[in-house]
Amino acid sequence: QVQLVESGGGSVQAGGSLRLSCVASGYTYSSYYMGWFRQPPGKEREGVAAISTGGGITYYVDSVKGRFTISRDNAKNTLYLQMNSLKPEDTAMYYCAATAYYGSAYDLLHSATYNYWGQGTQVTVSS
């Protein structure tokens with residue numbers, strides 16, 4: 001059974017940092033592209049970042065470039081999102097997701113591309 005379990009969310013002040021983790025099980029983690037998505041209250045889910053199977057290719061939505069870093073440890077079946085210089089507009093539920101599709105940056109930042117999803121971890125940034 002595929003499982004993706006996020007952790008690391010919390011409440012921080014603007015300018016602070018958080019590191020999200022996502023532990024995967026039940027499938028061949030190293031064969032799947034991975035992504036982070038977020039859904040602010042009352043808004044649609046949006047792609048934040050994606051990473052290739054080996055970690056050498058990454059994609060980011062413009063609003064987080066230079067502040068967020070996606071990475072993965074295939075030996076630990078774990079995906080990370082380091083979030084620095086957090087802003088109130090980063091407040092959202094954050095989800096990790098896995099896809100067997102090796103596509104374009106547009107596709108990999110689009111939720112419909114992904115096969116498996118975690119339950120999410122809440123990030124709240126206060127001003």
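In this text, all values refer to a predicted model and were calculated from it rather than measured experimentally. One-based numbering along the sequence shown.
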Exam field: side chain [X] to backbone [Y], donor-acceptor pair closer than 3.5 Å:
| X | Y | result |
| --- | --- | --- |
| Tyr29 | Thr78 | yes |
| Glu6 | Gln119 | yes |
| Thr69 | Gln82 | no |
| Arg45 | Pro40 | no |
| Thr28 | Ser31 | no |
| Thr121 | Ser7 | no |
| Ser30 | Asn74 | no |
| Tyr60 | Ile70 | yes |

To the nearest 0.5 Å, what is the distance between [atom1] on [X] and [atom2] on [Y]?
| X | Y | atom1 | atom2 | result |
| --- | --- | --- | --- | --- |
| Lys65 | Thr58 | NZ | OG1 | 9.5 Å |
| Asn77 | Met34 | CG | CE | 9.0 Å |
| Thr124 | Leu18 | OG1 | CG | 9.5 Å |
| Phe37 | His110 | CZ | NE2 | 8.5 Å |

List the steps and the verdict of side chain to side chain donor-acceptor pair (under 3.5 Å) for Ser17 and Asn84. CA-CA 4 Å; Ser17 298; Asn84 298 329; 2.9 Å; yes
My understanding is that only residues two or more places apart in sequence, or in another chain, count here; which of them pass side-chain contact (heavy atoms from CB on, under 4.5 Å) with Glu89? Lys87
For residues Met83 and Tyr94, determine if any side-chain heavy atom of one lies less than 4.5 Å from a side-chain heavy atom of the other. yes
Could you check if a side-chain atom of Arg72 sits within less than 4.5 angstrom of a side-chain atom of Tyr80, using non-hydrogen atoms only? no
Cys22 vs Leu20, side-chain contact (heavy atoms from CB on, under 4.5 Å): CA-CA, chis, key distance, verdict: CA-CA 7 Å; Cys22 169; Leu20 305 184; over 6 Å; no
Are [Y] and [X] connected in a single hydrophobic cluster, I mean Ile/Leu/Val/Met/Phe/Trp/Tyr linked by side-chain heavy atoms less than 4.5 Å apart?
| X | Y | value |
| --- | --- | --- |
| Tyr114 | Val64 | no |
| Leu81 | Leu109 | no |
| Met93 | Val61 | no |

Paired with Tyr116, the ring-ring contact (aromatic ring centres under 6.0 Å, His included) test is passed by just one of Tyr27, Tyr101, Tyr95, namely Tyr27
Can you name the residues that form a salt bridge (Lys or Arg N to Asp or Glu O under 4.0 Å) with Lys43, not counting sequence neighbours? none
Taking only residues two or more places apart in sequence, or in another chain, which ones meet Arg38 in a salt bridge (Lys or Arg N to Asp or Glu O under 4.0 Å)? Glu46, Asp90
Grab the two heavy atoms, one from [X] and one from [Y], that are nearest each other, plus how far apart they are.
| X | Y | value |
| --- | --- | --- |
| Pro88 | Ser126 | CG-C, 4.5 Å |
| Ser111 | Trp117 | O-CZ2, 3.5 Å |
| Leu4 | Ala98 | CD1-N, 4.0 Å |

Over 60° means perpendicular and under 30° means parallel, so classify the ring planes of Tyr102 and Tyr33, tilted if in between. tilted
Determine, stepwise, if the pair Val123 / Thr91 fulfils side-chain contact (heavy atoms from CB on, under 4.5 Å). CA-CA 5 Å; Val123 172; Thr91 294; 5.9 Å; no
Residue pair Phe68, Trp36: steps toward the ring pair (Phe, Tyr, Trp, His ring centres under 6.0 Å) verdict: CA-CA 11 Å; Phe68 290 11; Trp36 284 102; 10.0 Å; no
May I have the step-by-step check of ring pair (Phe, Tyr, Trp, His ring centres under 6.0 Å) for Tyr59 and Tyr106, ending in yes or no? CA-CA 9 Å; Tyr59 304 106; Tyr106 175 83; over 10 Å; no
